[in-house]
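Each chain gets a letter, A, B and so on, in the order its sequence line appears, and its residues count up from 1. Given the structure is predicted, the values throughout are model-derived calculations rather than measurements.
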Amino acid sequence: MEAEKTGRTAVTRPEGVEIRGFRYFPGWLSPEEQTALVEALRGVAAEAPFVQPETPGGRKMSVRMTSAGRLGWVTDRRGYRYEPCHPVTGRPWPPVPGMVLDLWRAVTGLVRAPDCCLVNFYGEGAKMGLHQDRDEGDFGFPVVSVSLGDEALFRMGGTDRADRTESVWLKSGDVVVMGGAARLAFHGIDRVRHGSSRLLPQGGRINLTLRVVQVP
DNA sequence: TAGTTACG
DNA sequence: GGCT
């Protein structure tokens, strides 16, 4: 077990387990931390509203997304990329909430902060097809995923799309780290159990994806 | 192919 | 569960 000092309270974090090269930390965030994080994300969404983007192929994604940080991940008919400003408001993305940066540091041990905190909202029926995170400049840094709200079936594969996959039901407060060989592994969300968590009053799932985008 | 649907 |  690993103990971490946060203010006056010593918090015991779960040990990770390895699944197909992914590091999975069930129950990383306490219920209180999850509630505080949702509150922080409401602030992010107030500054940078969720949008339902489309893929380069012109199809609407089922998830709604926004970002925090120096860069946000966006997609439209022009392609996948990172942008310094929100596609609708034109304003810079809001800062990454402090507790998200704390989580990143605790789980990765890295001094370097992430450039992007992508916020994905999965409403009823939303899912995300198998894909790789490969729009970043340096794959040496891990990608960290944080789950909040409804449970979701997460499928993990390998670096080839045809590789065998393994699925796990992610619950609110779980953290997954994609690093090393799993950094470029295919992954996706097959379905969400709508209403399975009471963290978000209207139901739904929020996923945070933390990434280093540009090295310098 | 960060999608959708059919099939086993 | 995983094909395309």
Side-chain angles (χ1 to χ4, degrees), chain A residues 19-22 24 41 44-45 48-69 71-88 93 96 100 114-139 141-171 174-179 181-194 196 204-214:
Chain A
I19 304 177
R20 303 212 84 257
F22 293 62
Y24 172 43
L41 294 172
V44 169
F50 282 97
V51 298
Q52 192 176 348
E54 41 184 82
T55 64
R59 318 187 90 120
K60 277 282 186 192
M61 293 182 70
S62 57
V63 303
R64 289 184 282 156
M65 54 178 63
T66 186
S67 289
L71 294 167
W73 188 84
V74 299
T75 174
D76 55 25
R77 271 154 291 192
R78 297 195 291 130
Y80 305 142
R81 63 197 181 278
Y82 286 91
E83 292 280 0
C85 294
H86 189 283
V88 175
W93 305 98
V96 180
V100 174
D115 299 307
C116 175
C117 173
L118 176 64
V119 185
N120 284 154
F121 179 80
Y122 294 73
E124 195 157 14
K127 52 195 171 178
M128 175 131 0
L130 211 56
H131 69 279
Q132 295 170 297
D133 290 16
R134 52 177 306 163
D135 303 313
E136 301 75 33
D138 187 334
F139 302 133
F141 290 92
V143 171
V144 173
S145 158
V146 184
S147 294
L148 295 167
D150 289 340
E151 299 165 14
L153 186 59
F154 183 54
R155 186 142 61 99
M156 295 164 281
T159 51
D160 293 316
R161 184 178 281 277
D163 287 344
R164 179 174 47 90
T165 64
E166 191 171 330
S167 296
V168 62
W169 279 98
L170 295 179
K171 296 179 171 56
D174 292 355
V175 169
V176 176
V177 179
M178 294 172 268
R183 173 61 181 78
L184 286 171
F186 278 87
H187 58 281
I189 293 291
D190 282 345
R191 52 198 168 97
V192 175
R193 283 178 177 145
H194 193 262
S196 56
R205 170 179 190 260
I206 293 172
N207 180 72
L208 306 182
T209 317
L210 313 175
R211 308 184 183 102
V212 172
V213 178
Q214 285 176 346

Using a 4.0 Å heavy-atom cut-off across all strands, classify [X] as base, sugar-phosphate, or nothing.
| X | answer |
| --- | --- |
| A/K60 | sugar-phosphate |
| A/T75 | nothing |
| A/Y80 | base |
| A/N207 | nothing |
| A/R211 | base |
| A/M128 | base |

Original post:
Expressed in whole Å, how much space separates the P atoms belonging to B/dT4 and B/dG8?
Top reply: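 23 Å, rounded to whole Å.
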What integer distance in Å separates [X]:[atom1] from [N]:[atom2]?
| X | N | atom1 | atom2 | value |
| --- | --- | --- | --- | --- |
| A/E54 | B/dT4 | CD | C1' | 16 Å |
| A/L184 | B/dA2 | CG | C1' | 15 Å |
| A/H187 | B/dA2 | NE2 | P | 10 Å |
| A/D190 | B/dG3 | CG | C1' | 13 Å |
| A/M61 | B/dT1 | CE | P | 12 Å |
| A/R161 | B/dT4 | CZ | C1' | 12 Å |
| A/K127 | B/dG3 | NZ | P | 9 Å |
| A/F154 | C/dG1 | CZ | P | 15 Å |

Subject >> Euclidean distance, A/R183 CZ relative to A/F141 CZ, rounded to 0.5 Å >> reply: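 Between A/F141 CZ and A/R183 CZ, I get 10.5 Å after rounding to 0.5 Å.
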Inspect the contact between [Y] and [X] and indicate whether a charged nitrogen and a carboxylate oxygen are less than 4.0 angstrom apart.
| X | Y | result |
| --- | --- | --- |
| A/D150 | A/R193 | no |
| A/E124 | A/R191 | no |
| A/R81 | A/D76 | yes |

Original post:
Where the side chain of A/R155 is concerned, which of B/dA2, B/dG3, C/dC3 is the nearest nucleotide?
Top reply: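 Looking only at side-chain atoms, A/R155 lies closest to C/dC3.
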Subject >> Under the ring pair (Phe, Tyr, Trp, His ring centres under 6.0 Å) test, residues paired with A/Y80 that sit two or more places apart >> reply: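 Applying ring pair (Phe, Tyr, Trp, His ring centres under 6.0 Å) to A/Y80 gives A/W73.
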Subject >> Stacking check A/W73 vs B/dA2 (5.5 Å / 30 deg) >> reply: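 Stack criterion met.
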